[in-house]
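Step one of this worksheet: look at the structure below.
Sequence lines set the chain letters: A, B, ... in the order given, protein chains first and strands last, and positions in each chain run from 1. Just so it is clear, the structure is predicted and the values come from calculations on it, not from any experiment.
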Protein chains: 2
Amino acid sequence: MDSRNASSTTSIRDVARRANVSLATVSRAFAEPGLVRAETLERVLAVAEELHYRPSRAARSLTTGKTGNIGLVVPDLGNPFFSAILKGGQARAREADYSVFLADSEENSRLELELVRAMAPQVDGVIICSSRLSEAQLQQLHRETTLVLLNRRVHGVSAVLLDSAGGMRQAIEHLVALGHLRIGFIGGPADSWSNRERRRGLRAEARARSLDIVEFGPFAPHFEGGQHAADLAVAAEVTAVVAFNDLMALGVLSRLADRGIGVPDDISVVGFDNIPMAGMATPHLTTVALPLEQSGRVAIELLLEQLAQPGSGTHEQGLAAQLIVRASTAPPRNGVLSGSRVGRATQAPEETTAISES
Amino acid sequence: MDSRNASSTTSIRDVARRANVSLATVSRAFAEPGLVRAETLERVLAVAEELHYRPSRAARSLTTGKTGNIGLVVPDLGNPFFSAILKGGQARAREADYSVFLADSEENSRLELELVRAMAPQVDGVIICSSRLSEAQLQQLHRETTLVLLNRRVHGVSAVLLDSAGGMRQAIEHLVALGHLRIGFIGGPADSWSNRERRRGLRAEARARSLDIVEFGPFAPHFEGGQHAADLAVAAEVTAVVAFNDLMALGVLSRLADRGIGVPDDISVVGFDNIPMAGMATPHLTTVALPLEQSGRVAIELLLEQLAQPGSGTHEQGLAAQLIVRASTAPPRNGVLSGSRVGRATQAPEETTAISES
DNA sequence: GCACAGAATGTAACCGGTTGCAGAAACTGT
DNA sequence: ACAGTTTCTGCAACCGGTTACATTCTGTGC
C-alpha cells in the first residue's frame with residue numbers, strides 16, 4: 001500500500017551499473033561535469049534521467065560538509081515586516097538552489113539562541129533578523145557557524161542594515177516642513193537595534209532643529225502597543241507622532257479613530273516599514289519605506305558570498321529608507337487640542353523595561 | 001581566522017575512543033538508551049557532553065531514511081493568512097523536534113510542483129497549503145512522498161479542512177438577519193479549493209433563502225483585487241458584499257472610503273479569515289474567523305501521525321469557522337443607492353480565467 | 001561450580017555519495 | 001610508429017552514523 005520511496009531507492013550505483021561506468025564517473029557527471037567526456041556524460045545523464053535518479057543531499061553533505069541549506073530566524077512570523085524579508089530571502093535562496101530552514105523565535109532571545117544552535121549543524125549559515133541577542137552572544141554564534149545579521153550591527157559579523165536613522169530624518173524633516181514643533185515618538189522594543197537607530201536619528205534631528213520631542217515606550221511592536229500609546233500621545237499634546245513601526249502606527253490610527261480624533265486634522269501620524277497594509281489603512285499611512293524583500297535577498301547574497309570565500313572579511317550593506325507621503329500627515333491645527341501640557345519631558349528616560357524575556 | 005566547524009568535527013568516534021567503548025555503543029546511547037547499561041550510558045553521555053558532541057542529522061538520515069525535516073509550501077508568504085498557518089505549523093514542528101523547510105510557490109502551480117519535488121528527498125513529508133495542483137498531480141506527489149494538504153480535499157490524501165462553507169453560511173445568515181436581500185460575492189482564484197467551497201456554501205444558502213446573489217471575479221486574492229471589485233459591487237447595487245478573503249475585503253473598504261461610500265451605512269462588507277488586520281481596519285471588519293495557527297499545528301500533527309504509522313489510512317480533520325461580527329455590517333438603508341440594476345446576473349458563469357499560471 | 005538464558009557490548013557491513021591517486025585512453029608532435 | 005602529454009575513468013578510502021549478527025558478560029537455578 002505504501003509504495004513511496006520505492007523509486008527513491010535509485011542510487012548512484014544503479015545508474016553506474018546501467019550506464020556501464022564506475023560510481024565515480026556518475027558522481028562527477030553531476031558534481032563536476034567538465035571532468036567527464038561529453039559522450040560519457042550524455043550517456044550517464046540519459047540513464048540518470050531514465051531512472052529518475054536524484055543525488056541525495058544528505059549523502060553529499062556527509063562528505064562535502066556543505067548542506068545546501070540556509071537557516072533564517074525571525075522574531076515573529078506574524079509580523080508582515082518579517083514576512084516580507086522572508087519572502088525576499090526565500091526567493092533568492094531558491095534561485096541559488098539553496099533551501100531555507102525557517103524558525104520563529106517568538107521575540108524571545110533565549111529561544112533565539114537555542115534555535116540558531118539547533119539549526120547550525122544542518123545549515124551552511126544562518127541569517128538572523130532583528131536579533132535580540134547580545135553582541136557577545138552573536139560573536140560567539142558566528143564562531144560556531146556562518147552568520148549574517150539583518151537589521152543589527154555587531155563588530156565582526158556581516159550585516160545588512162536598513163537605514164532607519166536616515167528614514168527617521170526624512171520623517172522629521174517632513175513633519176517640520178509641515179509646521180510641527182512638538183512630536184511624539186512611540187518606541188518599540190528596548191533591545192531592538194532598529195529601535196535604537198530610529199531613536200538615534202530622532203534625537204540627532206531634534207537637537208539640530210531644536211524640536212520638542214516626547215518619547216513613549218517601550219511598547220511591544222504590535223498593533224496593541226500603538227493603541228496603548230495613542231492615548232498617551234494625545235495626553236501629551238503632540239501635534240504629530242512617529243511610531244516605531246507601521247503596525248503600531250495602525251494601532252494609533254485605530255485608537256484615534258475610535259476616540260473621534262481626526263488624522264491628520266488633529267494629529268499627524270507617521271509609520272515605519274511601509275508594510276502592505278500601510279497604504280490600505282484609512283487614512284493612507286505616511287510611512288518610511290524600507291526595502292524589505294530586497295533586504296532579505298541581500299542578506300542571502302551576503303551569506304552566499306561568505307560561504308563562497310570564507311574569511312573574506314565582513315561586509316555591511318546599507319539599504320536606504322524612503323519616506324512615502326500619504327494621507328496621515330498634514331500641517332498642524334493652529335489651536336491646541338485642550339488642557340495644559342502633560343506627558344513625559346523631552347529627555348526620555350533610558351528604557352529599563354525589556355519587552356522580550358532574556 | 002576561520003575556526004568554525006573546528007568543533008563540529010567531533011564525531012561519534014571521538015566519543016567512543018574517549019569513553020572507551022565502541023562506536024555502536026555510543027550510537028545506541030543516543031538512539032536507543034535502553035539498550036545500554038546505566039553505568040555505561042552515563043559515562044558516554046558525560047563524554048559526549050564534554051566534547052560538545054551532537055549526532056549529525058545528515059549521517060543519521062543516510063541510514064535511517066528519516067530526515068527530521070518537514071516541508072511546508074504556501075502560495076504567498078506575503079499573505080497573512082499563510083503567515084499565520086506557517087507560524088502555527090512551525091511552532092508545532094519544533095515541539096516535535098522537526099525542522100521546517102519553507103517554500104513560497106508564488107501562486108504558481110508549476111512552481112509549486114517543482115518545489116515539492118525538490119523538497120521531497122530532504123524531508124519526511126510535506127504540507128501543501130491551498131494547493132493549486134490538480135487532483136491527479138497531488139495523488140502522484142503523495143506516491144512520491146508523504147503529503148498532507150491544508151485547505152484542499154483530495155481523495156486518498158490526508159488533509160485539514162477549514163470549514164469555509166459553514167463560515168459562509170454564518171456570514172449569509174448574519175446578513176439576512178440584518179435584512180440584506182441582494183448580496184455580492186467577490187470571488188478569489190478560480191482554482192482555489194476554498195474559493196469553490198465558499199461559493200458552494202454561498203449558493204446553497206442563497207437557494208435555501210431565495211436570495212439575490214451577484215458573483216464577481218475571479219480576482220487575485222489581494223488588496224487590489226478588492227479595490228477593483230468594489231466598484232463593480234457598487235454598480236451592481238448590492239447592499240452587502242462578502243469577499244473571498246480579508247485582504248480583498250480591506251481593499252473593498254479602502255476603495256469605498258475613497259469614493260465616499262459609507263460602510264456599513266451604504267454597503268455592508270464581510271471578509272474571510274480574520275487576519276490580524278481585520279480587527280484593525282476602519283471600520284472594524286466583520287469577518288469569518290478561521291483557526292489558522294491551529295490549522296497549521298493540526299496539519300503537522302496529521303503528518304507526524306502518518307509518519308509514525310505509515311499506511312494507517314488517510315485522515316481528514318475539519319476545523320470550524322466562526323463569524324466575528326464587528327462594525328462593517330449593519331442593516332441596509334431603505335433607499336437604494338441610485339441608478340438602475342446593473343452587474344452580472346445571479347447565475348454566475350463558471351470561471352474560466354485562471355489567476356495562477358499553470 | 002556449572003550450564004544456560006538474557007543482557008551488554010563489539011564487529012563489520014552498509015547508507016549514498018565524494019575525491020585523491022593511479023592506470024587507461026586519446027591526442028600530440030616527430 | 002612511438003614517446004610524451006593531456007584527458008578520462010576506475011579503485012578504494014572515507015564522511016558519520018545505524019544495525020544485524022557475533023561475542024562476551026552477568027546473573028540464575030541447581
Side-chain angles (χ1 to χ4, degrees), chain A residues 5-48 51-69 97 99 120-124, chain B residues 4-48 51-69 97 120-124:
Chain A
N5 295 333
S7 65
S8 82
T9 53
T10 311
S11 97
I12 199 171
R13 295 161 217 273
D14 304 313
V15 179
R17 199 172 309 126
R18 196 91 140 66
N20 207 28
V21 293
S22 74
L23 297 191
T25 303
V26 179
S27 173
R28 281 189 276 255
F30 284 89
E32 208 74 49
L35 289 181
V36 25
R37 188 162 45 130
E39 190 185 328
T40 315
L41 179 60
E42 193 181 342
R43 178 157 40 99
V44 170
L45 292 182
V47 171
L51 266 44
H52 296 103
Y53 166 72
R54 315 247 308 160
S56 146
R57 285 225 180 189
R60 176 174 296 177
S61 77
L62 201 49
T63 44
T64 61
K66 305 285 160 215
T67 61
N69 300 150
D97 205 29
S99 302
Q122 337 184 35
V123 301
D124 293 339
Chain B
R4 71 181 126 282
N5 296 336
S7 63
S8 82
T9 53
T10 311
S11 97
I12 199 172
R13 295 161 218 273
D14 304 314
V15 179
R17 198 172 310 125
R18 197 90 139 67
N20 207 28
V21 292
S22 74
L23 297 190
T25 303
V26 179
S27 175
R28 283 190 275 255
F30 285 89
E32 208 74 49
L35 288 182
V36 27
R37 187 162 46 128
E39 190 186 328
T40 315
L41 178 61
E42 194 181 342
R43 178 156 41 99
V44 169
L45 293 182
V47 170
L51 266 45
H52 297 102
Y53 166 73
R54 315 246 308 159
S56 147
R57 285 225 180 187
R60 175 174 298 177
S61 77
L62 200 49
T63 44
T64 61
K66 305 282 161 220
T67 61
N69 300 151
D97 205 31
Q122 336 183 36
V123 301
D124 294 338

From C/dG16, D/dG17, D/dT9, nucleotide with atom closest to A/Ile12 side chain: C/dG16
Could you state the atom-to-atom distance from CZ of B/Arg17 to P of D/dG16 in whole Å? 11 Å
If you assign each of B/Thr63 and B/Ala38 to its closest nucleotide in DNA chain C, which residue comes earlier from the 5' end? B/Ala38
Distance check needed: C/dC15 P versus B/Arg57 CZ, whole Å only. 23 Å
Taking side chain as C-beta onward, heavy atoms only, is A/Phe30 less than 4.5 Å from A/Arg60? yes
Verify side-chain contact (heavy atoms from CB on, under 4.5 Å) between A/Arg13 and A/Arg17, making sure each step is shown before the conclusion. CA-CA 6 Å; A/Arg13 295 161 217 273; A/Arg17 199 172 309 126; 4.0 Å; yes
Picking from C/dT9, D/dT19, C/dG17, the nucleotide nearest the side-chain atoms of A/Ala59 would be C/dG17
Tell me: CZ of A/Arg43 to C1' of D/dC8, nearest whole Å? 12 Å
When you measure from the side-chain N and O atoms of A/Arg13 to the phosphate of C/dG17, is any distance below 4.0 Å, counting only OP1 and OP2? no
Please state how far atom CG in A/Leu62 lies from atom C1' in C/dT19, giving the value in whole angstrom units. 14 Å
Between B/Arg60 and D/dT18, is there a contact of a side-chain N or O with OP1 or OP2 at under 4.0 Å? yes
Hey, could you give me the OG/CG distance between B/Ser11 and B/Leu23, rounded to the nearest 0.5 Å? 7.5 Å
Atom CG of A/Asn20 to atom P of D/dT9: distance rounded to whole Å? 12 Å
Under 4.0 Å between any heavy atoms, over every strand shown, what does A/Val21 touch: base, sugar-phosphate, or nothing? Just pick one. sugar-phosphate
Counting heavy atoms from C-beta on, name the nucleotide in D/dG16, D/dT9, C/dG17 closest to the side chain of A/Ser11. C/dG17
Interatomic distance, B/Leu23 CG vs C/dA12 P [rounded to whole Å]: 11 Å
If the cut-off is 4.0 Å, is A/Ser27 near the phosphate of C/dT18, judged by side-chain N/O to OP1 or OP2? yes
Do B/Asn69 and B/Arg57 touch side chain to side chain, with heavy atoms closer than 4.5 Å? yes
Please report the distance, rounded to the nearest Å, between CZ in B/Arg28 and C1' in C/dG10. 8 Å
Nearest-Å distance for atom pair CG/C1', residues A/Leu35 and C/dA25: 16 Å
I'd like to check A/Val44 versus A/Val36 (side-chain heavy atoms, cut-off strictly below 4.5 Å). Are they in contact? no
Using a heavy-atom cut-off of 4.0 Å across all strands, would you classify A/Thr40 as base, sugar-phosphate, or nothing? sugar-phosphate
On DNA chain D, more 5' by nearest nucleotide between B/Ala58 and B/Thr25 is B/Ala58
Looking only at side-chain N and O atoms, does A/Ser22 come under 4.0 Å of OP1 or OP2 in D/dG10? yes
